[in-house]
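Reviewing the structure listed below.
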Amino acid sequence: MSETVFWADQPPPPLIIAERTRNIRKLLSRELRREGFALVTLASAAELCQELEQGPARRVVLLDPDLPGLDDTIWLRRLRQVVAQCLLLIHSFGGQEFPPLADLTWGTVSRSGDIDTLRDFLIRMLTQSANAKSEA
């Protein structure tokens, strides 16, 4: 069975929105749920680490690089350990990378406010991830 089309015969993997701004969390949650994503929203590096340590490994993390706690070496080290099994995507102004996690990042997308662009990016990254797994 091909994993390249996530809405055809299976739901997309769970999505974690790790975002510092409450209004953006609410907007992304509402719009991406409409697209069929099961998701959770988190507001700090501590919450993100705890969620990843307790939940299933195969998840998509949409990470705001300005998330509170990411400047703390302890949380960042812990996050590196638990995010390795996830599809890590950076959601930043100008599509900037997040150097401390660059080696674990699948892609970056600009915070433009355009939900269609974000949805298309998520689908493209999920497809690339699935294709990479099937080729391995």
Side-chain angles (χ1 to χ4, degrees):
M1 170 171 64
S2 172
E3 290 187 9
T4 58
V5 180
F6 288 90
W7 285 264
D9 59 356
Q10 66 181 26
L15 173 64
I16 296 172
I17 298 172
E19 167 61 49
R20 73 184 182 284
T21 308
R22 184 174 54 92
N23 291 341
I24 294 175
R25 284 194 308 269
K26 289 171 104 175
L27 171 71
L28 295 177
S29 176
R30 181 185 68 234
E31 296 300 321
L32 293 173
R33 282 183 201 279
R34 289 180 185 167
E35 296 294 332
F37 283 95
L39 58 88
V40 61
T41 60
L42 306 170
S44 72
E47 290 178 357
L48 178 57
C49 287
Q50 290 166 358
E51 177 69 25
L52 290 171
E53 289 168 345
Q54 296 171 4
R58 185 176 179 258
R59 296 203 265 179
V60 178
V61 177
L62 187 63
L63 178 66
D64 171 2
D66 293 321
L67 192 69
L70 285 183
D71 56 350
D72 183 321
T73 307
I74 294 170
W75 285 117
L76 193 55
R77 188 178 313 126
R78 195 166 152 193
L79 182 59
R80 284 189 64 77
Q81 293 172 351
V82 294
V83 81
Q85 299 299 316
C86 297
L87 180 64
L88 177 62
L89 308 171
I90 304 298
H91 188 226
S92 64
F93 289 107
Q96 301 166 329
E97 290 185 356
F98 184 54
L101 298 175
D103 60 319
L104 300 173
T105 301
W106 276 78
T108 60
V109 62
S110 182
R111 292 170 66 116
S112 65
D114 183 349
I115 296 297
D116 292 333
T117 298
L118 179 58
R119 182 201 62 231
D120 293 346
F121 171 76
L122 287 170
I123 293 169
R124 189 171 65 251
M125 292 295 103
L126 287 166
T127 301
Q128 286 178 9
S129 171
N131 289 341
K133 277 197 276 183
S134 67
E135 291 172 3

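Keep in mind it's a predicted model, so treat the numbers as computed, not measured.
Remark: of the listed residues L88, L87, L63, V61, L88 is the sole one forming a side chain to side chain contact (heavy atoms under 4.5 Å, CB included) with T105.
The distance from the CZ atom of R59 to the CD1 atom of I16 is 3.5 Å, given to the nearest 0.5 Å. Distance check: F37 CZ to L62 CG gives 9.5 Å after rounding to the nearest 0.5 Å. Atoms SG and CD1, on C49 and I74 in that order, are 11.0 Å from each other to the nearest 0.5 Å. A distance of 12.0 Å separates CG of L28 from CD of E35, quoted to the nearest 0.5 Å. Annotation: the span from F98 atom CZ to L104 atom CG amounts to 11.0 Å, rounded to 0.5 Å.
Checking side-chain atoms of E47 against main-chain N and O of A43 turns up a donor-acceptor pair under 3.5 Å.
Residues near F93 contribute nothing to a hydrophobic cluster around it, because no ILVMFWY side-chain heavy atom sits closer than 4.5 Å to its side chain.
L89 is connected to L27 through a chain of hydrophobic side-chain contacts under 4.5 Å among Ile, Leu, Val, Met, Phe, Trp and Tyr, so both are in one cluster. At a threshold of 4.5 Å between side-chain heavy atoms, the hydrophobic network of Ile, Leu, Val, Met, Phe, Trp and Tyr places L122 and L48 in two separate groups. Connection of I24 to F121 is established within a shared hydrophobic cluster, with ILVMFWY side chains joined at heavy-atom distances below 4.5 Å, either directly or through further cluster members.
At a threshold of 4.5 Å between non-hydrogen side-chain atoms, the residues P14 and V40 do not count as touching.
Counting heavy atoms of neighbouring residues, nucleotides and ligands inside a 6.0 Å radius, atom CZ of R30 exceeds 12 of them.
Residues passing the side-chain hydrogen bond (donor to acceptor under 3.5 Å, both in side chains) test with S110, sequence neighbours excluded: none. Every residue two or more places apart in sequence or in another chain was checked for a salt bridge (Lys or Arg N to Asp or Glu O under 4.0 Å) with E97, and none qualifies. T41 meets the side-chain contact (heavy atoms from CB on, under 4.5 Å) test with I17, R25, S29, L39; sequence neighbours excluded.
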Hey, can you pull the donor-acceptor pairs under 3.5 Å for the side chains in residues 64-71, sequence neighbours left out?
| unit_1 | atom_1 | unit_2 | atom_2 | d |
| --- | --- | --- | --- | --- |
| D64 | OD1 | R20 | NH1 | 2.9 |
| D64 | OD1 | D66 | N | 2.8 |
| D64 | OD2 | R20 | N | 3.2 |
| D64 | OD2 | R20 | NH1 | 2.5 |
| D64 | OD2 | R111 | NH1 | 3.3 |

Distance-only criterion, 3.5 Å: show the donor-acceptor pairs between side-chain atoms of residues 76-86 and protein atoms not counting sequence neighbours.
| unit_1 | atom_1 | unit_2 | atom_2 | d |
| --- | --- | --- | --- | --- |
| R78 | NE | E53 | OE2 | 2.7 |
| R78 | NH2 | E53 | OE1 | 2.7 |
| R78 | NH2 | E53 | OE2 | 3.4 |
| R80 | NH1 | P100 | O | 2.8 |
| R80 | NH1 | D103 | OD1 | 3.0 |
| R80 | NH2 | D103 | OD1 | 3.3 |
| R80 | NH2 | D103 | OD2 | 2.7 |

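Nearest heavy-atom pair across W75 and A46 is CZ2-CB, 3.3 Å.
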- Message: What verdict does the side chain to side chain contact (heavy atoms under 4.5 Å, CB included) test give for M125 and V60, after you've listed the backbone C-alpha separation in whole Å, the side-chain angles of each residue and the deciding distance to 0.1 Å?
- Response: CA-CA 9 Å; M125 292 295 103; V60 178; over 6 Å; no
